[in-house]
Amino acid sequence: MDAPTNALLIDADAPLGLPAFDHIRAEQFPPAMARAMALHLEQVAALATQAAAPDFDNTVAAFDRSGALLRRIEAVFHNLAASATTPALQAVQREMAAPQAAHWSAVHQDAGLFARLDAVHAARRDAGLTPEQQRLVERLHADFVRAGACLPPAARAEFAALDGQLAELSTRFAQNVLHDEAAFALPLPDEAALAGLPDFLRDAARQAAAERGLAVPVITLSRSLIVPFLSFSTRRDLRETAWRAWVGRGEQPGEHDNRPVAAQILALRQRQARLMGAASYADYKLADTMAQGRDRVWALLDSVWAPALAALERERAMLREAMAEAGAGSDLQPWDWRYWAEQVRQARYALDDAALKPYFALPNMVAAAFECAGRLFGLRFRPRSDLAAYHADVEVYEVGDEQGRAIGLFLHDNFSRPTKRSGAWMSSLSVQHRNTGDGRAALPVVLNNNNFAKAAAGAPTLLSPDDVRTLFHEFGHALHGLLSDVGYLRLSGTRVLRDFVELPSQLFEHWGQEREVLRRHARHWRSGEAIPESLLDRLDAARRFGQGYETVRYTASAIVDLAAHERAEPVGDIVAFEQQLMAARGLPADTGLNHRLPHFQHLFSGDSYAAGYYVYLWAEVLEADAWEAFAEAGSAFDPALAARLKDCIYSRGDSVEPGAAYRAFRGRDARVEPMLRARGLLD
C-alpha cells in the first residue's frame, strides 16, 4: 500500500487557493519541514557554488526565490499554532523550534553564498540596478550580517547555537502564557456575582462558559471579557481575583513559570549582542530601525512620560472625587481603576460601553472597514464560502481592485477561543511579489486575528469603541499586505522596519472614528437606528479621557523593555527588576503596566518587538502627523491624498527607505506635536 500523501507537500493549483486544512495533521509537519529544509539547502548550495560570476539575477534575485516550499509550510504551521492549536501542534512546536532556527542560521551563515552576496553589495551602485533592486541587495546583505555571516567561525557557530536555544525558549514562553490564559475561568454562579454587569457582558460570559462546557457564566482572560468586567462589576472582590489572574500570567510557580524563561532569554540575547560587537542587545537590535539607536528612543519615551504622569494625576483626582461622592472608603487599587473610570465617564460624559455597544455590531463594523478600503483604495471584498479555512469562525473574502482583478484573499478570524493565543495580530499564508521564476505573480493571502468575545447563537457580537479601534488597526495591517506592489518577496508588504510597520495600522484606526463612517454603519443592532448625533458628540468629548492612564501603562511597558535589553549584564530576577525600575520612574502602584515581563509576548514569544515595544509610539508620531494631512485636505477621503497614501506607504513595502517613503507622502518629516495633542499631552 502506498504511503499516505502529506497534504503539506501539495501545492494549491490556483494562486488564490487555501491549504487543505481539513487534511493537514500535526504529525505531517516534521517530515514536511525536513524535506523542505533539505530542498532549500540544496538550492542555497547550488547558488553558492555556481561557476558564473555573482550578479543581481544569479545571486540576489535567485536567493529571494529560494525556499518557497519551506516558507509556505512554515506559514501554515505558525498560523495554526497561533490560531487553532492542539497539544499535538504544541509538541511539534517544541520539537521543531531548534531545527527551524538551525536551518535559517545555516542559510544566512553560508560562507559561499555570503561571499557572492557581499560582492554584489560592494558593486551595487555601479551595477545599473533599479532603486528597488539596490534596496533588495542592501536588505538581504543586512540580514546575513545580522545573522552572524561576518563573524569568525567559532563565534558564528555560537551565534547559531544561541538562535536555537532562543527558539526553544520563546516557544516555551508562549505556550506557558497560553496555558495560564486557558486555565483560568472565574465563575459567576448567581446574581450577586453578576452584579453591575450589562446584558452584553452577561451574554458573553454565558457564551464563554458554553464554549468550555461549563454550566455557569465565566469571565476568562480574553481582553474583550476581562476589561469590561473590571469596568462594570460592582463586586470588588471578584475584580481583584480577575485582575490578579490577568497580571499574574506566566508568574505561577511550577512548570509553566515564565520568570526563569524570560531571564534566560535576556541572557542569551545579551551574549548574541556581545558576539556582534554591540554593548547591549538594544544596541544590536535598534541599529536596524528608523530610530537607529537608544538615544532617540529614550528621547521619545521621556518626552511622553512626564506629561502622561501629570495627566494621570488629573484623572486620579476625578476618580477619588467619584469614590468620595459614592462613600467608597477604601484606597484606589489597580483592580478599581477601570471601574471608577467608568463611573466618571458615565457621570461627566453621559457615556458608557453598555449604551454604545448596541450600535457597534461586528458585521456592521466589518462592513465599515471594507467600505473605507473601497473608498480610499478601490478595493472590493467578496465572500468566498466555497473556500474552507482552518476554523468555522473564519470568514474568507476574495479581494479585488478597482478594475475588478483579484489581488488576494483576506481571512477574518474574530473570536477568542481557548486554543487561540490572546491579543490581535495580522499574519499571512502568502505574500505578494513578482519574483516567482514562472512568470506568475504571487498574490497575498492575509489573515486578521482578533479576540472578541463571541455572542450567543442568533445574536451579533457587539464591540466596544476600543474593540472597533482594534478591528480597524489590524485591518490596516491587512491592507499593508493586500496592497503591496513590489517585485521581490523580501521587500513585500509588512516586511518593513519594525518602527514603521505600525504606521499603516495605526493610521487606519482614524477611519473607524470618522463621523461620516459611523453615521452610515453604527446602527442599533435591534432597531437599525443610526447612532444619535448626541452620542457621537459625547464619544468625541470623552475621547481624551483616560489617555493619561493608557499612555502611562503603555510607556511604562516600553521603558521596562528597553531598560531590560540595554543592560550590560542580563537581568536575573525579572520581577524585582521591573518593580525597582518602575518605582524609580514614579509609576503609581494603582496604575500598573500594559504588559508585565512574565507574560510580555511581544518581547519573549519571539524577538520581533524585543527592545522595540516603543514602536507603537514612534509610529503614532507618524500617523498623527499623516492624519493631519487629511484634516488639512478637508476630507478623510480626499482622492489625491488617498492615492498618494496608497502609492507611497501601503503599496511600497520595504522597497523604499521608510523615512523617504514618509516624506514622499507628506512632503516633509513627521512632527511630534500632533501626537501629543491627540493624547491630550500638549497644552
| So R249 and N258, side-chain hydrogen bond (donor to acceptor under 3.5 Å, both in side chains) or not? Walk me through it. | CA-CA 9 Å; R249 291 167 292 160; N258 267 340; over 6 Å; no
| query | From L411 CG over to H391 NE2, what is the distance, rounded to the nearest 0.5 angstrom? | reply | 13.5 Å
| task | Anything under 30° is parallel, anything over 60° is perpendicular, the rest tilted; go ahead and classify H412 against F475. | result | tilted
| said: Looking at D143 and R490, is any side-chain nitrogen of the basic one under 4.0 Å from a carboxylate oxygen of the acidic one? | reply: yes
| task | Could you list the residues that satisfy salt bridge (Lys or Arg N to Asp or Glu O under 4.0 Å) with D283, not counting sequence neighbours? | result | R294
| Passes side-chain hydrogen bond (donor to acceptor under 3.5 Å, both in side chains), Q252 versus N176? Steps please. | CA-CA 10 Å; Q252 308 309 312; N176 286 346; over 6 Å; no
| field | Note, L409 side chain near V446 side chain (heavy atom, < 4.5 Å) | value | no
| message | With a 4.5 Å cut-off on side-chain heavy atoms, are L70 and R35 touching? | response | no
| task | Determine the interplanar angle of the H103 and H40 rings, folded into 0 to 90°, and report it as parallel if under 30°, tilted if 30 to 60°, perpendicular if over 60°. | result | tilted
| said: Let me confirm one number: the OG1-CG distance from T555 to L301, rounded to the nearest 0.5 Å. | reply: 6.5 Å
| field | Contacts of type side-chain hydrogen bond (donor to acceptor under 3.5 Å, both in side chains), residue Q175, not counting sequence neighbours | value | Q93, R94
| query | Nearest heavy-atom pair of S83 and N449: which atoms, and what distance? | reply | OG-OD1, 3.1 Å
| message | Rounded to the nearest 0.5 Å, what separates atom CD in Q28 from atom CG in N6? | response | 4.5 Å
| said: Working note: S422 + N451, criterion side-chain hydrogen bond (donor to acceptor under 3.5 Å, both in side chains); need CA distance, chi angles, decisive distance, verdict. | reply: CA-CA 7 Å; S422 60; N451 265 285; over 6 Å; no
| said: Tell me whether R440 contacts the main-chain N or O of G437 through its side chain, where contact means a donor paired with an acceptor under 3.5 Å. | reply: no
| query | Do S484 and Q432 have a side chain donor and acceptor closer than 3.5 Å? | reply | yes
| So, are D485 and R434 salt-bridged, with charged N and O less than 4.0 Å apart? | yes
| query | If you take all heavy atoms of A291 and V297, which pair is closest and at what distance? | reply | CB-CG2, 3.7 Å
| request: Please check if the side chain of T220 supplies one atom and the backbone of S222 the other of a donor-acceptor pair under 3.5 Å. | output: yes
| message | Minimum heavy-atom separation for I73 and A32, please, with both atom names. | response | CD1-O, 3.7 Å
| query | Is the backbone N or O of F63 less than 3.5 Å from a side-chain atom of S66, with the two atoms forming a donor-acceptor pair by type? | reply | yes
| message | Angle between ring planes, Y554 versus Y613, binned at 30° and 60°: parallel, tilted or perpendicular? | response | tilted
| Side-chain donor/acceptor of N450 to backbone N/O of D413, under 3.5 Å | no
| message | Under a 4.0 Å threshold between the charged nitrogen and the carboxylate oxygen, would R135 count as salt-bridged to D654? | response | yes
| message | Any carboxylate oxygen within less than 4.0 angstrom of a Lys/Arg side-chain nitrogen, looking at R139 and D288? | response | yes
| F604 side chain reached by I574 side chain, heavy atoms, under 4.5 Å | no
| remark: Residues V145 and C150: closest non-hydrogen pair is CG2-SG, 3.9 Å
| query | Any donor-acceptor pair under 3.5 Å linking the side chain of R116 with the backbone of T59? | reply | no
| message | Using side-chain heavy atoms (C-beta onward) and a distance below 4.5 Å, is H108 in contact with R146? | response | no
| Should the pair Y281 and Y284 be assigned to parallel (<30°), tilted (30 to 60°) or perpendicular (>60°) ring geometry? | tilted
| query | If you round to the nearest 0.5 Å, how far is CD of Q270 from CZ of R274? | reply | 5.0 Å
| Is there side-chain contact between V575 and P598, with at least one heavy-atom pair below 4.5 Å? | yes
| request: Check whether any side-chain heavy atom of T85 sits under 4.5 Å from a side-chain heavy atom of K420, and report yes or no. | output: no
| query | Between the side chains of E502 and H477, does any donor sit under 3.5 Å from an acceptor? | reply | yes
| How long is the span from the CZ atom in R259 to the CD atom in E251, to the nearest 0.5 Å? | 5.0 Å
| remark: So the ring-ring contact (aromatic ring centres under 6.0 Å, His included) pairs with at least one residue in residues 43-62 (sequence neighbours excluded) are F56-Y488
| said: Could you tell me if the side chain of F410 sits less than 4.5 Å from the side chain of N448, heavy atoms only? | reply: yes
| query | Does atom CG of D295 have more than 12 heavy-atom neighbours, drawn from other residues, nucleotides or ligands, at distances under 6.0 Å? | reply | no
| message | Between the side chains of R421 and E181, is the shortest nitrogen-to-carboxylate-oxygen separation below 4.0 Å, so that they form an ion pair? | response | no
| query | Could you state the interatomic distance from CZ (F29) to CZ (F77), rounded to the nearest 0.5 Å? | reply | 6.5 Å
| remark: Shortest non-hydrogen pair, L113 vs V107, comes out as CD2-O, 4.3 Å
| task | Indicate yes or no for a side-chain donor-acceptor contact from H599 to the backbone of V177 under 3.5 Å, with no hydrogens or angles considered. | result | no
| request: Could you tell me how the ring of H595 sits relative to the ring of F600: parallel (under 30°), tilted (30 to 60°) or perpendicular (over 60°)? | output: parallel
| remark: Heavy-atom closest pair (L603 atom, Y609 atom, distance to 0.1 Å) is CD2-O, 3.4 Å
| said: Show, in sequence, the C-alpha distance, side-chain angles and deciding distance for H141 and D118, and conclude whether the side-chain hydrogen bond (donor to acceptor under 3.5 Å, both in side chains) test is met. | reply: CA-CA 7 Å; H141 189 267; D118 196 42; 2.7 Å; yes
